[in-house]
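Report on the structure given below.
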Protein chains: 2
Amino acid sequence: MTKDNTVFVGNKPVMNYVLAVVTQFNNGADEVSIKARGRAISRAVDTAEISLNKFLDNVEKKNIATSTEVIDTDSGRTNVSSIEIILSLNSV
Amino acid sequence: MTKDNTVFVGNKPVMNYVLAVVTQFNNGADEVSIKARGRAISRAVDTAEISLNKFLDNVEKKNIATSTEVIDTDSGRTNVSSIEIILSLNSV
């Protein structure tokens, strides 16, 4: 099993991403990373909260980190905020 | 000085909230809490990132927490995600 279980949250309905997270845990992942940038950050938080509250037992938020990324666009460089939420199986 | 230095982020331009955060530190706060719900979560992350990268020296992210709040609306109860980002003076 690979260690790179990352779900990138974009502009689709939140349940798409919840399903992706839950599926990764059901497939045996110990840890899933939820990442998003810009306005999708709110949806990433929704994804984590809904996954934890409604679908996943024995999983907890391990870490939440925010950062600033520099993006090249047609009109030059711009900064965009990003978030990474790591969900992890409880080691009980 | 009160310990309750909280900036609630809503739908105004992000620089309004950055200014509020920076002002609290300039007024002697050791710690400022940035809170938001729902779609304003992205803007709360922007507020923290811009404050830290462009305006505040010697301040760091102390903690980031997300949670789910239950809100009563006209059409019944609904869940909304929330975030709290705590910025704190470095204790060097």
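In what follows, every chain begins at residue 1, and chains take the letters A, B, ... in the order their sequences are listed. Since this is a predicted model, take the numbers as computed values, not measurements.
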For the CG atom of A:L52 and the OG atom of B:S67, what is their distance to the nearest 0.5 Å? 11.5 Å

Tell me whether A:V14 shares a hydrophobic cluster with B:I41, the cluster being built from Ile, Leu, Val, Met, Phe, Trp, Tyr side chains joined at under 4.5 Å. yes

What part of A:D46 lies closer than 4.5 angstrom to a heavy atom of chain B: side chain, backbone, both or neither? both

Can you tell me if B:N11 has over 12 outside heavy atoms packed within less than 6.0 Å of its CG? no

Locate the shortest heavy-atom distance separating B:S42 from A:S42; write the atom from each residue and the value. OG-OG, 2.7 Å

Rounded to the nearest 0.5 Å, how far apart are OG1 of B:T66 and CD1 of A:I64? 4.0 Å

Under 3.5 Å, is there a donor-acceptor pair between the B:E49 and A:S81 side chains? no

What are the two closest non-hydrogen atoms of A:K54 and B:N79, and how far apart are they? NZ-ND2, 3.9 Å

A:A44 versus chain B, heavy atoms under 4.5 Å apart: side chain, backbone, both or neither? neither

Let me check something: do A:V21 and A:F55 share a hydrophobic cluster, defined by ILVMFWY side-chain heavy atoms less than 4.5 Å apart, either directly or through other members? yes

In the single-linkage hydrophobic clustering (I, L, V, M, F, W, Y; side-chain heavy atoms under 4.5 Å), do A:V22 and A:L89 co-cluster? yes

Is A:V45 reachable from A:M15 through a run of I, L, V, M, F, W or Y residues, each pair having side-chain heavy atoms under 4.5 Å apart? yes

Turns out that what part of A:N63 lies under 4.5 Å from chain B's heavy atoms comes down to neither

